[in-house]
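Comments concern the structure below.
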Amino acid sequence: MKTLRTFAVLAVTMIAVPALAEGDAAKGEKAFKKCKACHMIVNGDEVIFKGGKTGPNLYGVIGRQAGSVDGFKYSKSLKALGESGFVWDEATLAEWVTNPKDFLKAHDQAPKTKMSFKLKKGGEDVAAYLASVGPKAE
Ligand code: HEC
């Protein structure tokens, strides 16, 4: 009986752990394939993840002011969000990719963005991956 109870407690603990939303960078790297059509991760000459130019370079995006990549033509809303002092962190980036329009609305901006993409799940993982390849990880 005692063994059985121990087993039950263990099983519950094992189920409970993955429910905590902690990003997994390895999973995030795989999930970034969904972003690469529009985003690259490039640090000067170093190409970390080859990708398109529809969206801004995401190198160092964690800890960077929103809408601040030089030369990229952002929507008014994202630019205004950045100018209000908003800086990306892992939690907000995970929220953004889930629904960029709702995210802007929740941050008092017009819900108009050039990013026409929603990631159903795994936003925390992509955020953890982006943080891991950013300048802070060095
Ligand atoms: C269909 C193209 C497309 C896809 C796919 C896409 N994005 Fe974007 N993304 C954009 C565009 C365009 C912008 C600029 C939005 C604006 O100006 O409103 C953007 C903006 C962003 C920003 C804000 C960057 C900044 O400098 O403030 C982040 C963060 C971001 N995308 C992350 C992601 C991630 C992570 C994925 C994959 C899960 C992804 N995007 C998939 C097109 C895309």
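As the structure lists them, so they are numbered: ligands from 1, and atoms in each ligand from 1.
Panel note: side chain Lys114, backbone Lys73; a donor-acceptor pair is recorded below 3.5 Å.
Heavy-atom proximity to Thr113, at under 4.0 Å, picks out these atoms of ligand 1: 15 (C), 16 (C), 18 (O). When each atom of ligand 1 is checked for a heavy atom of Lys34 under 4.0 Å away, the hits are 5 (C). Taking a cut-off of under 4.0 Å to the non-hydrogen atoms of Gly67, the atoms of ligand 1 that pass are 25 (C), 26 (O), 27 (O). Proximity to Val126 (heavy-atom distance under 4.0 Å) selects the following atoms of ligand 1: 35 (C).
Among protein heavy atoms, the minimum distance from atom 30 (C) of ligand 1 is reached at Trp96 NE1, 3.3 Å. Considering only non-hydrogen protein atoms, atom 16 (C) of ligand 1 sits nearest to Ser75 OG, 3.3 Å. Here the heavy atom of the protein found nearest to atom 29 (C) of ligand 1 is Leu93 CD1, 3.6 Å.
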* To do: Apply side-chain contact (heavy atoms from CB on, under 4.5 Å) to Tyr129 and Lys27, showing your working.
  => CA-CA 8 Å; Tyr129 170 62; Lys27 277 194 203 155; over 6 Å; no
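Distances between N or O atoms of Lys114 and those of ligand 1 include at least one value under 3.5 Å. By the 3.5 Å distance cut-off applied to N or O atoms, Thr54 is not counted among the residues near ligand 1.
Atom CG of Asn57 and atom CG of Asp70 lie 11.5 Å apart (nearest 0.5 Å). Atom NZ of Lys50 sits about 10.0 Å away from atom CE of Met40, to the nearest 0.5 Å.
A 4.5 Å side-chain heavy-atom check between Tyr59 and Glu46 finds every atom pair outside the cut-off. Side-chain contact between Trp96 and Met115 is present, with heavy atoms from C-beta onward closer than 4.5 Å.
Every residue two or more places apart in sequence or in another chain that forms a side chain to side chain contact (heavy atoms under 4.5 Å, CB included) with Ala128 is listed here: Ala25, Glu90. Scored by the side chain to side chain donor-acceptor pair (under 3.5 Å) test, Asp24 finds no partners at all (sequence neighbours excluded).
When heavy-atom distances to ligand 1 are checked against a 4.0 Å cut-off, Lys79 has no atom that comes that close, whether in backbone or side chain.
The shell of residues lying under 4.0 angstrom from ligand 1, judged by heavy atoms, includes Arg64.
In terms of hydrophobic clustering, with Ile, Leu, Val, Met, Phe, Trp and Tyr side chains grouped at heavy-atom distances under 4.5 Å, Val87 and Tyr74 are assigned to different clusters. Val42 and Trp88 are assigned to two separate hydrophobic clusters, defined by single-linkage of ILVMFWY side chains at heavy-atom distances under 4.5 Å.
The closest heavy-atom contact to atom 26 (O) of ligand 1, among the options Trp88, Tyr74, Phe72, comes from Tyr74.
Of all heavy-atom pairs spanning Phe32 and Leu58, the tightest one is CE1-CD1, 3.8 Å.
Around atom 8 (Fe) of ligand 1, the protein contributes the following N, O or S atoms at distances under 2.8 Å: His39 NE2, Met115 SD.
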Name every donor-acceptor pair, under 3.5 Å, that has one atom in a side chain of residues 98-105 and the other anywhere in the protein, sequence neighbours excluded.
| from | atom 1 | to | atom 2 | distance (Å) |
| --- | --- | --- | --- | --- |
| Thr98 | OG1 | Ala94 | O | 2.8 |
| Asn99 | OD1 | Lys101 | N | 3.3 |
| Asn99 | OD1 | Asp102 | N | 3.2 |
| Asn99 | ND2 | Asp102 | OD2 | 3.0 |

